[in-house]
Amino acid sequence: MASPILGGGNKYRDYLTDEDIANTKWRFGPPNYDIVDKLFEQERTHEWPEGSLEEKVQRLLKTWEMELVHKADPNQFKTLDPNKFTISVNGRKDLTPEEAAEAGGSYNIFLQTSLPENVRIYNPDEETGESSQIVFRSVFLRGFAIEILQVYSGPPKIVYRFRHWGHMEGPFKGHAPTGELVEFFGIGTFEVEKESNKIVKAEMFFDRGELLGPLVKGESNGESTSAIALAAAKCPFMQ
């Protein structure tokens, strides 16, 4: 598991020292977590003691998410082994780092769906990594925070429950902001290789409708959202 950073860097993530930032190839430039870390500290439901299993897993999760979203070269990932790593969401196909990048990364990976394209509220097949970031950063102006709620088992097979949340303070796909809390809960797993302490497999399970449903509650500006699409966003059996 990732160990606490030495010599500065982010409070909740490893590998964000000045040296790391200067020597890393970033997708969108070096990330700044000041705003979302403030949201995290204000609204988290648990404050885990430093050095506890929960704090270590939370730090690993946040660092892994940072690398997956922001690092352009998988060979510079330090939380995972790029030659062995795969990720799957809700039991879908395992993706390598290269396949995850081709899908557009982060939101496009986590919001994969089998719904017909004409009823998709958010269509990952039409979004790039850059456009997906713009969509959700425009919605969650204070960021989209994540915390660990419980750790069921430690390495080498880490199983945890998480909460992801933000406030809809900007528009989404033609729907006006509501200002409401938007959150969803899920289960994640990391398989960590004993020799290297790096992740070789990640899985996440959650209801994507818990995220998308609240985003279409606001008044529409005229862009059509079908009744079927609205139902699909809220129904776990239509994912």
Side-chain angles (χ1 to χ4, degrees), residues 26-40 43 61-62 64-72 87 89-90 92 95 97 99-146 162-186 204 206-236 238-239:
W26 302 103
R27 292 183 187 277
F28 319 108
N32 185 305
Y33 287 98
D34 291 349
I35 295 176
V36 72
D37 283 350
K38 183 177 181 181
L39 174 66
F40 168 73
E43 300 188 2
L61 173 62
K62 287 177 178 287
W64 169 76
E65 184 182 53
M66 175 273 292
E67 293 194 308
L68 193 67
V69 173
H70 292 286
K71 289 189 175 182
I87 179 173
V89 177
N90 290 334
R92 300 177 70 87
L95 300 177
E99 290 171 328
E102 289 174 5
S106 61
Y107 290 107
N108 285 352
I109 298 172
F110 299 122
L111 294 176
Q112 297 171 77
T113 179
S114 300
L115 285 170
E117 290 198 13
N118 64 318
V119 297
R120 296 180 184 183
I121 291 174
Y122 176 86
N123 187 355
D125 294 338
E126 293 181 346
E127 304 287 350
T128 65
E130 185 175 6
S131 70
S132 67
Q133 289 293 314
I134 292 172
V135 168
F136 286 98
R137 287 182 185 180
S138 298
V139 172
F140 301 118
L141 302 184
R142 287 182 284 162
F144 201 35
I146 192 167
F162 66 89
R163 170 182 175 243
H164 222 329
W165 80 97
H167 295 267
M168 189 189 182
E169 296 168 324
F172 174 80
K173 298 293 183 179
H175 291 269
T178 63
E180 294 183 5
L181 170 69
V182 178
E183 63 182 347
F184 69 90
F185 301 83
M204 301 192 93
F206 57 89
D207 178 1
R208 62 195 290 277
E210 289 184 348
L211 167 61
L212 295 177
L215 299 184
V216 293
K217 289 172 63 177
E219 183 177 351
S220 173
N221 66 4
E223 295 181 21
S224 63
T225 303
S226 72
I228 295 175
L230 288 171
K234 300 173 183 177
C235 178
M238 298 182 68
Q239 305 307 316

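Keep in mind that the numbers below use all heavy atoms, side chains included, and drop hydrogens, waters and symmetry copies.
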I'd like to check [X] versus [Y] (side-chain heavy atoms, cut-off strictly below 4.5 Å). Are they in contact?
| X | Y | answer |
| --- | --- | --- |
| Arg208 | Phe184 | no |
| Pro31 | Trp26 | yes |
| His167 | Val182 | no |
| Trp64 | Val69 | no |
| Phe162 | Met204 | yes |
| Met168 | Leu215 | yes |

Discussion item. Under the rule for salt bridge (Lys or Arg N to Asp or Glu O under 4.0 Å), what residues qualify as partners of Glu126, not counting sequence neighbours?
Written reply: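 Scan of Glu126 (salt bridge (Lys or Arg N to Asp or Glu O under 4.0 Å), adjacent residues dropped) gives none.
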What's the separation between atom [atom1] in [X] and atom [atom2] in [Y], rounded to the nearest 0.5 Å?
| X | Y | atom1 | atom2 | answer |
| --- | --- | --- | --- | --- |
| Phe110 | Asn90 | CZ | CG | 10.5 Å |
| Asn108 | Gln112 | CG | CD | 8.5 Å |
| Ile121 | Leu111 | CD1 | CG | 11.0 Å |
| Glu210 | Glu183 | CD | CD | 8.5 Å |

Mind listing the closest non-hydrogen atom pair of [X] and [Y] along with its distance?
| X | Y | answer |
| --- | --- | --- |
| Leu115 | Val119 | CB-CG2, 4.2 Å |
| Arg120 | Asp125 | NH1-OD2, 2.9 Å |
| Gly209 | Pro214 | O-CD, 3.8 Å |
| Ser132 | Gly104 | OG-O, 4.3 Å |
| Lys71 | Arg27 | O-NE, 3.4 Å |
| Ala100 | Ile109 | CB-CD1, 3.4 Å |

Worksheet item: Any side-chain donor paired with an acceptor under 3.5 Å for His70 and Glu65?
Response: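 No donor-acceptor contact under 3.5 Å links the two side chains.
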Tabulate below the donor-acceptor pairs under 3.5 Å that side-chain atoms of residues 133-146 make, not counting sequence neighbours, or state none.
unit_1: Gln133; atom_1: OE1; unit_2: Arg137; atom_2: NE; d: 3.2
unit_1: Gln133; atom_1: OE1; unit_2: Arg137; atom_2: NH2; d: 3.3
unit_1: Gln133; atom_1: NE2; unit_2: Ser106; atom_2: OG; d: 3.0
unit_1: Ser138; atom_1: OG; unit_2: Ile134; atom_2: O; d: 2.7
unit_1: Arg142; atom_1: NE; unit_2: Glu169; atom_2: OE1; d: 3.3
unit_1: Arg142; atom_1: NE; unit_2: Glu169; atom_2: OE2; d: 3.2
unit_1: Arg142; atom_1: NH2; unit_2: Glu169; atom_2: OE2; d: 2.9

Worksheet item: Does Glu102 have any side chain to side chain contact (heavy atoms under 4.5 Å, CB included) partners at least two apart in sequence or in another chain, and if so, which?
Response: none
Worksheet entry | Audit row: Glu127, Lys173, salt bridge (charged side-chain N to carboxylate O under 4.0 Å, His left out) steps and yes/no | CA-CA 12 Å; Glu127 304 287 350; Lys173 298 293 183 179; 2.6 Å; yes
Worksheet item: Does NZ or CZ of Lys62 come closer than 6.0 Å to the centre of the six-membered ring of Phe40, within 45° of the ring's axis?
Response: yes
Worksheet entry | Crowding at CG, Leu181 (>12 non-hydrogen neighbours, <6.0 Å) |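 More than 12 heavy atoms, drawn from other residues, nucleotides or ligands, come within 6.0 Å of this atom.
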Discussion item. For the CD atom on Glu219, are there more than 12 heavy atoms of other groups (residues, nucleotides or ligands in this structure) within a distance under 6.0 Å?
Written reply: no
Item to complete: Apply side-chain contact (heavy atoms from CB on, under 4.5 Å) to the pair Phe206 and Leu211, showing each step before the final yes or no.
Response: CA-CA 10 Å; Phe206 57 89; Leu211 167 61; over 6 Å; no
